[in-house]
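Have a look at the structure below, then the notes.
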Amino acid sequence: MPQNELMEGDLQQKNEVSQKDLMEGNLHRKIKMFQKGMTRTAKMSQKRLMKQDLGELDVAKLHPLSPEVVSCQPTTNIGTIGHVAHGKTTVVRAISGVQTNRFKCELERNITMKLGYANAKMKTALGLCATSMSCGSGEEDNPLFDEPGYENCRMKLLRHVSFVDCPGHEILMATMLNGATIMDGAFLLVAANESCPQPQTLEHLSAVDILNLQNIVILQNKVDLVSEHQAKNQYQAIQEMVKGTAAEGAPVIPIAARLKYNIDVRDFVSPPHMIVIRSFDVNKPGCGVDETKGGVVGGSITRGVMKVNQVVELRPGLLGKDDSGNRICQPIYTRVISLFAEQNELQFAVPGGLIGVGTTMDPALSRCDRLVGQILGEVGTLPDVSVFLMRQLLGVRTQETQMVKVSKLRKGETIQVNVLSMVSKAKVVALNNGRARMQLAQPVCTRSGEKVALSRCIEKHWRLIGWGEILGGNTLDVRPPVPSGLYSRENQAPFSQK
Ligand SMILES: Nc1nc2c(ncn2[C@@H]2O[C@H](COP(=O)(O)OP(=O)(O)OP(=O)(O)O)[C@@H](O)[C@H]2O)c(=O)[nH]1
């Protein structure tokens with residue numbers, strides 16, 4: 001539905017009691033069942049929280065971070081403000097895991113009509129090294145840290161926050177203002193694929209200005225839909241827009257809320273995991289055997305800390321077929337001998353930014369971007385290799401202004417999928433209820449839950465037509481490392497490269 005067709009009459013609650021319920025006397029029974037369910041859930045979750053005993057506590061001594069407070073109740077309100085459909089609800093869901101649009105009319109129209117809310121607990125493990133957000137106030141305060149190698153380590157609760165998700169539609173300004181009065185801080189969402197400022201962005205900004213809201217973070221959302229150049233230009237427009245307002249000087253963070261890009265907190269604790277976007281043979285033609293340098297890969301570490309001298313593997317690695325014709329892959333095992341951030345030589349590299357990794361691997365393996373799309377990480381910690389994907393379909397623009405309706409995926413058609421930095425052709429082999437089963441032309445190293453981008457060849461160009469999430473896949477046999485001479489050239493290709 002076009003957004004300007006929204007009428008005030010649409011805003012009436014759709015969850016009111018139906019005449020049928022009243023006539024059939026169902027209502028009383030329904031309320032009782034609801035109350036029972038609520039009490040049971042509350043009792044179950046309460047068990048894991050700090051006890052609030054007014055007989056023992058001195059309320060005057062409590063503060064927002066007192067364990068008895070922060071365990072049970074959120075003490076900070078973070079609002080989401082900005083123009084309609086710039087991604088406010090999506091960012092709340094990406095951070096907290098909670099879908100704030102709950103009313104039938106909201107879900108049908110994909111538009112926020114009432115103030116949405118979501119509670120989340122921010123936790124830390126091992127000092128400040130790793131943090132996680134979990135949804136719901138009933139979540140345990142000190143759960144076990146869910147990372148291999150740290151199974152006995154417990155997380156510590158830091159903050160308990162509520163997200164107040166405001167509607168962006170122009171006729172819902174009064175609702176937005178209600179929400180703004182209770183905000184301690186706000187995320188101002190600006191969609192990167194629209195010009196800036198948009199009317200409601202300005203109106204919401206003025207509203208928080210009037211209310212003297214100090215803590216604002218600007219989220220430049222949907223950066224997946226624009227080029228780097230467009231994003232940079234819009235950054236300048238954002239700076240112009242916020243001059244003289246409460247948001248002047250606020251950090252501007254580029255994100256893609258739907259893909260959860262740049263949303264996750266940096267994790268320095270898990271085993272290192274790097275996405276390879278370039279690979280090189282840095283040796284000059286004719287260089288002597290003694291001077292030959294090992295293969296180099298470039299990419300970004302998404303979690304963990306990579307160290308010089310660490311033994312790592314690249315997955316899927318070498319692809320081939322066994323004697324019966326089954327497709328198999330063999331990870332490439334190698335050792336990190338240098339780490340670089342441009343000219344800066346590092347002893348260890350942390351998540352974020354682009355890093356060059358020098359290795360002992362045969363440089364022929366990394367020549368001419370041969371390893372693009374592979375994953376580099378600690379041996380034995382990388383995910384399985386999947387060749388089938390399940391996903392759903394969205395839209396595409398073919399010209400600057402014209403929106404073209406994307407036809408549904410067709411059984412048998414070949415599309416292109418991007419999984420992390422791997423690009424592969426994929427044949428749609430089955431479709432069912434908005435899900436698709438695809439057969440990839442080449443395996444990828446990934447896991448369930450990973451996002452994929454889908455492109456279709458339109459007017460001789462691969463155009464983005466949607467995105468999806470991996471629901472499952474078939475796992476290829478992965479050959480284990482060769483015990484002796486692990487890093488020698490001969491041991492890297494134990495099967496024919498058919
Ligand atoms: N491509 C892309 N789409 C996004 C992103 N974030 C949100 N969207 C899409 O943008 C549309 C609007 O997102 P919402 O989160 O509902 O926007 P909103 O600002 O909460 O909308 P209102 O509350 O109704 O003003 C949805 O279809 C989202 O899936 C993103 O990072 N990239």
Side-chain angles (χ1 to χ4, degrees), residues 1-8 10-11 78-118 163-180 183 186-194 196-205 207 218-227 230-231 234 252-264 391-397 403 405-406 418 434 451-455 463-469:
M1 183 200 76
Q3 276 133 14
N4 55 8
E5 279 179 24
L6 184 73
M7 310 297 280
E8 293 217 49
D10 289 331
L11 308 182
I78 303 172
T80 54
I81 58 174
H83 194 72
V84 67
H86 276 203
K88 299 177 285 300
T89 305
T90 309
V91 86
V92 171
R93 191 176 58 227
I95 298 174
S96 70
V98 177
Q99 168 65 36
T100 55
N101 283 355
R102 294 182 180 133
F103 291 99
K104 193 167 161 245
C105 50
E106 293 183 314
L107 296 172
E108 275 170 6
R109 286 151 193 253
N110 194 18
I111 198 167
T112 308
M113 295 183 176
K114 298 169 183 302
L115 286 178
Y117 62 92
F163 290 99
V164 183
D165 183 25
C166 291
H169 199 281
E170 56 189 341
I171 71 162
L172 300 168
M173 200 54 205
T175 314
M176 181 270 161
L177 286 166
N178 279 346
M183 290 175 195
F187 291 145
L188 171 62
L189 272 286
V190 180
N193 60 337
E194 289 182 26
C196 176
Q198 291 287 322
Q200 254 48 54
T201 315
L202 287 177
E203 209 170 349
H204 284 196
L205 197 51
I218 301 168
L219 301 179
Q220 187 187 22
N221 190 29
K222 307 194 188 186
V223 290
D224 53 312
L225 298 180
V226 297
S227 66
Q230 284 169 295
Q234 196 201 46
V252 181
I253 303 175
I255 60 163
R258 190 158 68 193
L259 303 175
K260 287 202 185 170
Y261 285 164
N262 216 12
I263 294 273
D264 294 341
R391 39 117 1 266
Q392 75 184 75
L393 191 65
L394 292 171
V396 67
R397 274 174 203 278
M403 196 75 177
K405 197 167 185 298
V406 172
N418 288 60
K451 297 286 185 291
V452 296
L454 305 176
S455 305
R463 309 300 300 257
L464 184 70
I465 56 159
W467 68 282
E469 195 174 298

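Computed from a predicted structure; not experimentally measured. As the structure lists them, so they are numbered: ligands from 1, and atoms in each ligand from 1.
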(message) So which atom in Cys166 and which in Met183 form the shortest heavy-atom distance, rounded to 0.1 Å?
(response) SG-CE, 3.3 Å
(request) Can you figure out which of Lys88, Lys260, Lys222 has its heavy atom closest to atom 10 (O) of ligand 1? (result) Lys222
(message) Can a donor-acceptor pair be found, under 3.5 Å and without considering hydrogens, that links the side chain of Lys88 to the backbone of Gly82?
(response) yes
(message) Using the rule side-chain contact (heavy atoms from CB on, under 4.5 Å), only one of Thr80, Leu189, Asp165 pairs with Thr89; which is it?
(response) Asp165
(message) So if I apply the side-chain contact (heavy atoms from CB on, under 4.5 Å) rule between Ile218 and each of Val252, Thr201, Leu205, Ile253, which one comes out positive?
(response) Val252
(message) For Asp224, state whether at least one heavy atom is located under 4.0 Å from any atom of ligand 1.
(response) yes
(message) Taking 4.0 Å as the limit for heavy-atom contacts, which would you say applies to Val84 with ligand 1: side chain only, backbone only, both, or neither?
(response) both
(message) Can a donor-acceptor pair be found, under 3.5 Å and without considering hydrogens, that links the side chain of Gln220 to the backbone of Ala231?
(response) yes
(message) Give the atom numbers and elements of ligand 1 that come within less than 4.0 Å of a heavy atom of Ala256.
(response) 31 (O)
(request) Indicate the atoms forming the closest heavy-atom contact of Ala257 with Ala94, along with that distance. (result) O-CB, 3.6 Å
(message) So, regarding Ala85 and ligand 1 (criterion: nitrogen or oxygen to nitrogen or oxygen, under 3.5 Å), is there a contact or not?
(response) yes
(message) Minimum distance, heavy atoms only, to atom 28 (C) of ligand 1: which one of Thr80, Asn262, Thr90 is it?
(response) Thr90
(request) Determine, considering heavy atoms only, which of Gly82, Cys166, Gly168, Ala257 sits nearest to atom 31 (O) of ligand 1. (result) Ala257
(request) Determine whether the side chain, the backbone, both or neither of His86 has a heavy atom under 4.0 Å from any heavy atom of ligand 1. (result) backbone
(request) Run the contact test for Leu225 against ligand 1 with a 4.0 Å cut-off on heavy atoms, strictly below, and give the result. (result) yes
(message) Measuring only between side-chain heavy atoms, which start at C-beta, is Ile81 closer than 4.5 Å to Met176?
(response) yes
